[in-house]
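Structure, as structure tokens:
Every value quoted in this text rests on a predicted model; they were computed, and no experiment measured them.
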Amino acid sequence: MPIHKREIDLIVLSDLHLGTYGCRAQELLQYMKSVKPKRVILNGDIIDIWQFKKSYFPKTHMKVVKQLMSWIADGVQVDYITGNHDEMLRKFNGFELGSFKICNKVMLNLPDGKAWIFHGDVFDVTMKYSKWLAKLGAVGYDTLIMINIFVNWCSKRLGKDRISLSKKIKNSVKGAIKFIDDFEQTAADIAIDNDYEYVICGHIHQPQHRIIENEKGAVNYLNSGDWIENLSALEYHNKTWKLVTHEELFDNLPQVKPDPEEDLVLETDHLFEKLVEEFNLMKIS
């Protein structure tokens with residue numbers, strides 16, 4: 001039976017962190033196969049080059065890449081906004097291939113106002129002055145995610161719900177809460193100064209959709225979240241923004257069978273060959 005796909009004018013995805021143990025590629029693939037977008041914006045940290053391991057790139061991660069390429073081959077506009085974890089791609093800013101483009105930001109003139117879309121690491125002081133500290137933090141975060149996977153495996157065996165250790169820590173540490181508030185306010189202040197109706201970020205893994213005000217005006221602040229903890233995306237359709245999560249859509253998502261465990265890892269040479277093959281097919285299309 002063919003899968004009914006929801007038609008969406010625009011989808012914003014960020015912080016997939018493909019190539020890391022924390023990426024929930026299976027759930028992401030379910031979501032991607034449930035929609036038919038006219039345009040897709042990848043808002044940074046799509047492939048985690050910081051922590052990319054030559055021996056680790058599961059087939060489910062490759063299937064996400066193939067789905068993106070399938071959209072491009074079908075003429076869907078895909079804008080890849082670079083983030084800090086895939087900053088090596090920033091040297092290719094302006095690169096275009098068919099309907100695919102690499103850029104640092106996207107400005108849209110939507111029917112109901114201007115939208116400014118960027119990753120958000122430009123506001124991160126640790127990125128500007130102590131990149132080594134930020135990378136060390138990323139390793140610590142990835143380790144915490146690994147621990148969390150084991151904890152959730154035990155929790156599932158005991159018949160209990162999943163928990164997110166990193167979310168619990170972020171929600172309980174005052175410094176983390178203040179960082180998120182400052183990040184959101186800074187983005188909003190700049191957007192208001194430049195007469196944007198919407199400012200859309202990623203980076204902080206905190207899905208959000210709210211109005212932020214200051215003495216000069218107000219702006220709609222949106223954050224697409226991530227596909228490690230929150231499994232969230234932003235959708236724009238019929239002049240309306242909506243923040244969606246895998247959890248709320250689960251019952252209506254197509255089931256994607258996981259690969260056998262022994263097939264989880266692709267060797268580096270095989271991975272490269274598959275990427276070249278996909279790009280060649282895309283160019284032919």
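Here the closest non-hydrogen pair linking P37 and V76 is O-CG2, 3.5 Å. Taking every heavy atom of both residues into account, H61 and F57 meet most closely at CB-CE2, 3.6 Å. Among all heavy-atom pairs drawn from Y236 and D9, the shortest one is O-CB, 3.1 Å. For the residue pair V12 and S224, the shortest heavy atom distance occurs at O-CB, 3.7 Å. Annotation for I212 and A188: closest pair CG2-CB, 3.5 Å, computed over non-hydrogen atoms. Here the closest non-hydrogen pair linking S232 and L243 is CB-CD1, 4.3 Å.
Remark: F118 engages W116, F123 in a ring-ring contact (aromatic ring centres under 6.0 Å, His included) (not counting sequence neighbours). Taking W71 as the reference, nothing meets the ring-ring contact (aromatic ring centres under 6.0 Å, His included) condition, with sequence neighbours excluded. Take Q77 and apply the side chain to side chain donor-acceptor pair (under 3.5 Å) test, not counting sequence neighbours, and it matches D79. H119 meets the ring-ring contact (aromatic ring centres under 6.0 Å, His included) test with H203; sequence neighbours excluded. N214 pairs by the side chain to side chain donor-acceptor pair (under 3.5 Å) definition with D189, not counting sequence neighbours.
Counting only residues at least two apart or on different chains, the side chain to side chain donor-acceptor pair (under 3.5 Å) pairs with a member in residues 92-110 are T82-N104.
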Evaluate side chain to side chain contact (heavy atoms under 4.5 Å, CB included) for Q30 paired with H246, printing each intermediate quantity in order.
CA-CA 9 Å; Q30 281 184 303; H246 179 272; 2.7 Å; yes
Might you work through the side chain to side chain contact (heavy atoms under 4.5 Å, CB included) test for E184 and R210, ending with a clear yes or no?
CA-CA 10 Å; E184 294 177 345; R210 67 186 180 99; 2.7 Å; yes
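Separating the CD1 atom in I49 from the NE2 atom in H17 is a distance of 12.0 Å, to the nearest 0.5 Å. Here OG1 of T60 is found 11.5 Å from CZ of R24. Values are rounded to the nearest 0.5 Å. To the nearest 0.5 Å, atom NZ of residue K59 and atom NZ of residue K63 are 8.0 Å apart. Residue L110 holds its CG atom at 11.0 Å from OG1 of T240, rounded to the nearest 0.5 Å. Considering NZ of K66 and CE of M32, their distance stands at 12.5 Å, rounded to 0.5 Å. In this structure, CG on L16 lies 8.5 Å from CH2 on W227, to the nearest 0.5 angstrom.
Hydrophobic clustering (side-chain heavy atoms under 4.5 Å, transitive across Ile, Leu, Val, Met, Phe, Trp, Tyr) keeps I41 apart from Y80. When the side chains of ILVMFWY residues are joined at heavy-atom separations under 4.5 Å, either directly or via intervening members, V40 and I81 end up in two distinct hydrophobic clusters. Criterion: ILVMFWY side-chain heavy atoms under 4.5 Å apart, direct or through other members. Under it, I102 and M88 are part of a common hydrophobic cluster. No path of Ile, Leu, Val, Met, Phe, Trp and Tyr side chains, each step under 4.5 Å between heavy atoms, connects V106 with F92, placing them in separate hydrophobic clusters. Residues V244 and V35 share a single hydrophobic cluster, defined by chaining ILVMFWY side chains whose heavy atoms lie under 4.5 Å apart.
A donor-acceptor pair under 3.5 Å is absent between the side-chain atoms of N84 and the main chain of D45, judged by distance alone. The main-chain N or O of I46 is found under 3.5 Å from a side-chain atom of D86 such that the two form a donor-acceptor pair. With hydrogens and angles ignored, the 3.5 Å screen pairs no side-chain donor or acceptor of N230 with any backbone N or O of Q206.
Inter-residue side-chain proximity for T245 and L231 is flagged as unmet; no heavy-atom pair is nearer than 4.5 Å. In this structure, L10 and W241 have side chains that are in contact, with non-hydrogen atoms separated by less than 4.5 Å. In this structure, the side chains of L108 and R39 come closer than 4.5 Å at one or more pairs of heavy atoms. The shortest side-chain heavy-atom distance between K33 and Q67 falls under the 4.5 Å cut-off.
Ion pair D195/K114 not flagged as a salt bridge, since none of the NZ, NE, NH1 or NH2 atoms sits closer than 4.0 Å to an Asp/Glu carboxylate oxygen. For the pair D121 and R90, the salt-bridge criterion is met [side-chain N within less than 4.0 Å of a carboxylate O].
No more than 12 heavy atoms of other residues, nucleotides or ligands shown are found within 6.0 angstrom of CD on E247.
A side-chain contact (heavy atoms from CB on, under 4.5 Å) with I8 is found for exactly one of K36, E235, K38, namely E235.
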